[in-house]
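Report on the structure given below.
Note that ligands are numbered from 1 as they come in the structure, with each ligand's atoms numbered from 1 the same way.
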Amino acid sequence: MPFVASGDPTSLTAHLADAFAEAYGVPPAVVARAPGRVNLIGEHTDYNAGLVLPVALPHATYAAVAPRDDGLLRVGSLEESDPWEGSLDAAAGAAGWAAYAAGVLWALREDGLALPGMDVLVHGTVPLGAGLSSSAALECSVAVAACAAARVVLDRERVVDACIRAETEVAGAPTGGMDQTVSMLAGPGTALLIDFDDHTSRPVPLALDDAGLALLVTDTRVSHALVDGGYGERRADCEAAAAALGVPSLRHASRATVEALDDDRVRRRARHVVTEVERVREVVAALEAGDWTAVGARFAESHVSMRDDFEISCPELDLVVGTAVEAGALGARMTGGGFGGSALSLVPLARLDAVVRAVDTAFAAAGFRAPQHLRAEPSGRADLVD
Ligand code: GLA
């Protein structure tokens with residue numbers, strides 16, 4: 001089965017350590033890994049103080065770090081060609097992919113942590129640009145490794161906040177915080193229910209194996225980076241809806257009140273958010289009752305809501321969703337920010353081959369680029385690698 005491999009942590013770490021020694025002339029002091037994520041349900045709800053239910057992937061970014069005593073920061077990646085180098089004080093000026101890595105060190109220092117200069121090298125298996133939070137995995141892996149190298153006690157909530165600041169203030173990419181939170185707090189075998197109103201979270205067990213089911217992620221390889229502005233526009237519409245309704249956020253609006261909004265587009269955006277938060281609650285209840293058919297049904301409704309009301313799908317995502325369900329998935333939906341990226345299907349193990357083949361065939365027939373598939377086996381949070 002042609003799944004994108006998550007890789008073996010021991011050999012990925014050994015490879016990274018060798019490359020680090022070659023690049024910087026010293027061995028790394030520490031290596032940390034942080035997972036990418038796929039969201040089960042609850043899309044574009046995090047920045048509306050809503051609920052989300054993501055899962056950490058086995059696919060992760062690994063960061064090797066060694067402290068320096070001259071205040072210099074050097075950041076490189078085995079996946080990217082342009083390393084960045086500058087003084088620690090200039091870290092907020094890093095651009096491109098390095099902004100995520102250097103930016104998190106800037107944000108940790110802004111938060112009062114005393115960090116030394118460092119050499120940093122990263123390497124990972126989270127597909128880039130697939131809507132699976134390779135950027136959050138990069139930020140969190142660098143943060144965890146940097147805290148250990150600086151002998152600073154790891155405060156996971158502070159790291160989440162620093163990673164969000166790096167992404168919004170240094171990389172300039174708006175984020176609602178779901179990706180960084182799940183990368184730092186997820187537990188194996190579970191999804192993480194996060195409430196962005198009171199900022200609490202709790203694990204929700206996912207007994208996929210017992211139910212004979214798999215979570216199939218299909219990367220359409222349509223890059224969502226091409227239409228970055230769409231995310232900000234959706235946020236602005238949601239803020240306009242909340243302002244028109246006189247509530248601090250759409251979390252405090254109801255299905256009935258949003259239907260009274262005058263502007264058709266703003267009303268549809270708000271309807272998606274309010275119904276999506278309800279669907280997160282329903283999926284959690286269905287998971288706790290072992291009712292996988294209901295989970296699949298909520299996936300289907302979520303996709304329609306994102307396609308028609310929030311307007312963040314695309315033909316490739318719609319094709320994965322339609323084809324997967326026809327070939328035997330219990331439900332499927334686009335996942336992540338949208339405008340490309342990945343779809344998630346809940347598939348009986350006995351139908352997994354057939355679903356993958358059906359999607360590949362449908363993409364070829366439509367003249368789309370061949371998609372890539374991976375299995376989302378719910379994995380653990382960011383941590384140091386021994
Ligand atoms: C991106 C953002 C998240 C979240 C999702 C949509 O992944 O980084 O904060 O808003 O889109 O649910």
Is there a nitrogen or oxygen of [X] sitting under 3.5 Å from a nitrogen or oxygen of ligand 1?
| X | value |
| --- | --- |
| Tyr47 | no |
| Thr45 | no |
| Asp46 | yes |
| Gly176 | yes |
| Glu43 | yes |

Distance filter under 4.0 Å to [X] heavy atoms, resulting ligand 1 atoms:
| X | result |
| --- | --- |
| Arg37 | 7 (O) |
| Met178 | 4 (C), 5 (C), 9 (O), 12 (O) |
| Gly177 | 9 (O) |

Next item on the list: Take every heavy atom of Met334, measure it against each atom of ligand 1, and state whether any distance is under 4.0 Å.
Entry: no

Notebook entry, point to check: Which of these, Glu233, Glu311, Glu239, sits in a salt bridge (charged side-chain N to carboxylate O under 4.0 Å, His left out) with Arg269?
Noted result: Glu311

Next item on the list: Write out the residue and atom name of the closest protein heavy atom to atom 8 (O) of ligand 1, then the distance separating them to 0.1 Å.
Entry: Asp179 OD2, 2.7 Å

Check: When you measure from atom 2 (C) of ligand 1 to every protein heavy atom, which one gives the shortest distance, and what is it?
Finding: Tyr231 OH, 3.4 Å

Next item on the list: Could you tell me whether Arg202 and Asp195 make a salt bridge, using a distance below 4.0 angstrom between a side-chain N and a carboxylate O?
Entry: no

Notebook entry, point to check: Can the ring centroids of His123 and His15 be said to lie less than 6.0 angstrom from one another?
Noted result: yes

Note to self: Going by side chain to side chain donor-acceptor pair (under 3.5 Å), name the residues that satisfy it together with Thr275, two or more places apart in sequence or in a different chain.
What the structure shows: Arg279

Next item on the list: Output every pair passing salt bridge (Lys or Arg N to Asp or Glu O under 4.0 Å) with a member in residues 125-134, not counting sequence neighbours, ordered by first then second residue.
Entry: none

Margin query: Classify the ring geometry of Tyr231 against His44: parallel below 30°, tilted from 30° to 60°, perpendicular beyond 60°.
Written below: tilted

Next item on the list: State, without any angle test, whether Asp308 and His272 hold a side-chain donor-acceptor pair at a distance under 3.5 Å.
Entry: no

Next item on the list: Take Arg158 and Asp161, measure what salt bridge (charged side-chain N to carboxylate O under 4.0 Å, His left out) needs, and give me the verdict at the end.
Entry: CA-CA 5 Å; Arg158 277 175 95 177; Asp161 290 344; over 6 Å; no

